[in-house]
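Counting convention: from 1, in listed order, for ligands and their atoms alike. Values below: all heavy atoms of this structure, side chains included; hydrogens, waters and symmetry mates excluded. For this chain, numbers begin at 1 and follow the sequence in order.
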Amino acid sequence: LLTSSPMSSVPAKPDLVTVNIDGKEIAVPKGTNVIEAARLVGVDVPHYCYHPKLSIVGNCRMCLIETGMPAVDPATKQPVIDPATGKQKINWGPRPQIGCGTNASPGLHIRTNTPLVKDCREGVMEFLLINHPLDCPICDQAGECKLQEHSTEYGRGYSRFVENKNVKPKRTQLGPRVMLDDERCILCSRCIRFSKEIAKDDVLGFVDRGSYSTLTCYPGRQLANNYSLNTVDICPVGALTSTDFRFKMRVWFLKQTNSIDTESSVGANTVVWSREGAIYRITPRRNDEVNDTWMADSGRLLYKQVASADRLKASEPVDALVARAASVLQGGAVAVVGSGRSSVEEQYLTRKLAEALKAGVSLVARTGQGDGLLISADRNPNVRGALVTGLISALPATQLTELGAAIDAGKVKTVVAVGEDLRAAGLSEAQLAKVSVVYLGTHANATSAAAKVVLPTLTVFEKAGTFVNQQFRIQKFAQAVPGLAGATNDLVVLAKLIAAVGGPAVASDLSGIWSTISADVPALAHATYAKLPETGLLLDATPWSGLSFVEGETLHYKPAQAARA
Ligand code: SF4
């Protein structure tokens, strides 16, 4: 979009308008506000209340800029030329404007770094800090606080305020997961707009006036919806903190790893924050095609499964366990139960294992009420992956009724369960007792208790791979923390098992598996793990277009447009 020619000679496309920002000309889509337009030319216009996915209110005044329009002689309609420069004169406005509320219009000139703009920013910062407690040393937001950053970059550096600060409550529980520190709040209203516009839970508002204004819940209400923690993410200061994360760790010590929320088929993009093998929090990662900048609260606590007390750990080497599993599987009459929670790569190897064993494959569907936002009715993250990789050819049922009947009829004597609890999936205790089970999984359950051989594997946070979401978008997740001692990567276990039962030698590392997958799976012929963009790659879903997944499922979630509409 960046152009370098003089404005008059830049032919903007019909839906583009050309503006000048600090002397640089750029063609931007009509309606783009100055903050976003400036971002495109690498200019940061500081702001607090503006958020790209929320409505614009213009109440923080931090993004003040100067605007002007090329001068035209009213009588002749000819450009007025400045004799000093030989260029068209710009009529600058007498007062600054807010960048968030100023949209690009043809010929608009913007100045973001003049003495007037600098003065405005210093003034706004000074007002914001008048009653601010300046408690950065004990504030969770330190390190990612806009107030801290902007006061260093745009503030005056000293305060002229000599009166006593207005003291407000430090610990107001707004809901089960969100704590408010009233005196840190800069009244930007992002949290209020998020609750109303995105979460559709209009529960927050301001009461009282001036310095006494405070954020609060409506009487008798709580900020308890399943999206409440997004307010913590977008609060530009440390006013809203997560009860799960507060006071646990300084953010600058944490490593960030891109991951995917496994709660449902939406596949919200996430960041896992960890240090020395321990995960401290999960936050959303922006992907405008999938989840904008949001995620559900429920997905943020999934990291607790990594260190939970019921994790499965092996007390003998994986090779010995695989050898025992192979001898169990020699009995024949095997059925394989794959999982919509496994990654694409694991599902591909599960298919190879089933082929080597000449076994039928079942998959367990999980469904629930879709919330119309980021939790779909399909609660598996990767059923579509199982279709794409050819592990299954039809949609799974919620209960393993057919497998149960085959066990009762004596047609199945052994079951390989990959990450699925067969009891929870509908097999009775009696049916489970009739078969020999080889179980690959992360946590103890009725199936692991009944299994002849248990092969402990890794959680999504301890390994890398891909999922195919409800849009048939293949998205990758990376390994955030090392695997638990006594558990082995699922791909390694599956590859060893395939070899042990007489199947082909298959790679157990991602790049090796992807060379095979690309050659073997038509839908993934042009994909490789390494080359997948962080925001995913939309696959051609035509082969599965006739399948109706779960009724009521939300496809192509677009909250940003909804908020603006
Ligand atoms: Fe803004 Fe945070 Fe105050 Fe909400 S709590 S109004 S997000 S500063």
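Annotation for ligand 1: atoms under 4.0 Å from non-hydrogen atoms of Val237 are 8 (S). Atoms of ligand 1 lying under 4.0 Å from any heavy atom of Ser189, numbered from 1 in the order shown and given with element: 1 (Fe), 6 (S). Close approach of ligand 1 to Phe206 is summarised as follows: ligand atoms under 4.0 Å from at least one heavy atom of the residue are 6 (S).
Under the 6.0 Å distance and 45° angle rule, Lys118 does not count as a cation-pi partner of Tyr154.
For atom 8 (S) of ligand 1, the nearest non-hydrogen atom of the protein is Ile186 N, 3.4 Å. In terms of protein heavy-atom proximity, atom 1 (Fe) of ligand 1 is closest to Cys188 SG, 2.3 Å.
Side-chain polar atoms of His109 and Thr67 form no donor-acceptor pair below 3.5 angstrom. Side-chain atoms of Ser343 and Thr466 include no donor-acceptor pair closer than 3.5 Å.
No side-chain donor-acceptor contact under 3.5 Å links Glu197 to the backbone of Phe194.
Contact annotation: for Cys185 versus ligand 1, heavy atoms closer than 4.0 Å belong to both the backbone and the side chain.
At a threshold of 4.0 Å, the pair Arg111-Glu66 counts as salt-bridged, since one of the basic side-chain nitrogens sits closer than that to a carboxylate oxygen.
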Verdict with reasoning, Lys170 to Asp181, per salt bridge (Lys or Arg N to Asp or Glu O under 4.0 Å): CA-CA 4 Å; Lys170 298 285 292 172; Asp181 183 319; 2.8 Å; yes

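For atom 1 (Fe) of ligand 1, the N/O/S atoms of Cys235 include none lying under 2.8 Å. Not a single N/O/S atom of Cys191, whether from backbone or side chain, sits less than 2.8 Å from atom 2 (Fe) of ligand 1.
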